Amino acid sequence: GDSVTQMEGPVTLSEEAFLTINCTYTATGYPSLFWYVQYPGEGLQLLLKATKADDKGSNKGFEATYRKETTSFHLEKGSVQVSDSAVYFCALSTNYGGSQGNLIFGKGTKLSVKP
Amino acid sequence: NAGVTQTPKFRVLKTGQSMTLLCAQDMNHEYMYWYRQDPGMGLRLIHYSVGEGTTAKGEVPDGYNVSRLKKQNFLLGLESAAPSQTSVYFCASRVSGGMGEQFFGPGTRLTVL
């Protein structure tokens, strides 16, 4: 079945460091791909998304490119801030059958940014 | 707009007790979802609804029931709670069609003793 695998954390970085969180997927067809972020004590909120191959999603300095050839959607940010400390979830949305639009999540990666 | 709200925020139950979690959304969304979040497991779909009066099973439906009597509300019931149902529960909603963004509530932390 469809699945998402993302790098395990926790990840600890110093402020202004470069961030990469790896995400790969297995899916039938052509899923949409998402990164959601969960700040402490809150629900998830959409960070960025991409709906087809080679699309780049971007928001708040974060970027991810939909790579069909490597089935990947890695999250990157050039200079992290303390306020980026959160748990990041990679997810895919199926595009077929009765479960169209349902999200399948990776296990999450906790990021801590130190001043 | 309040978005997606969940009631209650916290709850402690004893094994065998029952309870209902309420999710409400004011965005006129057709689709609604219930997930559970467990450490190291990500979010897993329990049940979902594609419109008023409809429900469907997700990945981990056993031990839960749901109802969608009104478009804006999606209820999750535990008839006989078990310690394995200790988790954080999230509700989400989205517009119909396509594969659009899901909007999440703040969560309910449930502990079953």
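No experiment lies behind these values; they were computed from the predicted model shown. Residue numbers start from 1 in every chain, and the chains themselves are labelled A, B, ... in the order their sequence lines are given, proteins ahead of strands. Just so you know, these numbers use all the heavy atoms, side chains as well, and skip hydrogens, waters and symmetry mates.
- For the set B:Glu59, B:Gln37, B:Met41, the entry with the most heavy-atom pairs within less than 4.5 Å of chain A is B:Gln37.
- With a 4.5 Å cut-off on non-hydrogen atoms, A:Gln45 does not touch chain B at all.
- For A:Lys107, the NZ atom sits in a loose shell: 12 or fewer heavy atoms of surrounding residues, nucleotides or ligands are nearer than 6.0 Å.
- Residue-environment remark: CZ (B:Arg44) exceeds the threshold of 12 foreign heavy atoms within 6.0 Å.
- Remark: B:Glu79 CD is loosely packed, at most 12 non-hydrogen atoms of other residues, nucleotides or ligands lying under 6.0 Å away.
- Residue B:Arg94 holds its CZ atom at 6.0 Å from OG of A:Ser93, rounded to the nearest 0.5 Å.
- Both the backbone and the side chain of B:Leu43 come within contact range of chain A, judged by heavy atoms closer than 4.5 Å.
- Hydrophobic clustering (ILVMFWY, side-chain heavy atoms < 4.5 Å, transitive): A:Val113 and A:Phe89 are in distinct clusters.
- A:Gln38 touches chain B through its side chain: at least one heavy atom from C-beta onward sits under 4.5 Å away, while N, CA, C and O do not.
- For CD of A:Glu8, the number of neighbouring non-hydrogen atoms (other residues, nucleotides, ligands) closer than 6.0 Å is 12 at most.
- Taking each heavy atom of A:Asn102 and B:Tyr33 in turn, the nearest pair found is OD1-CE2, 3.2 Å.
- In terms of heavy-atom proximity, B:Gln102 sits nearest to A:Tyr36 at N-OH, 3.0 Å.
- You'll find the side chain of A:Leu103 reaches within 4.5 Å of the side chain of B:Tyr35, heavy atoms only.
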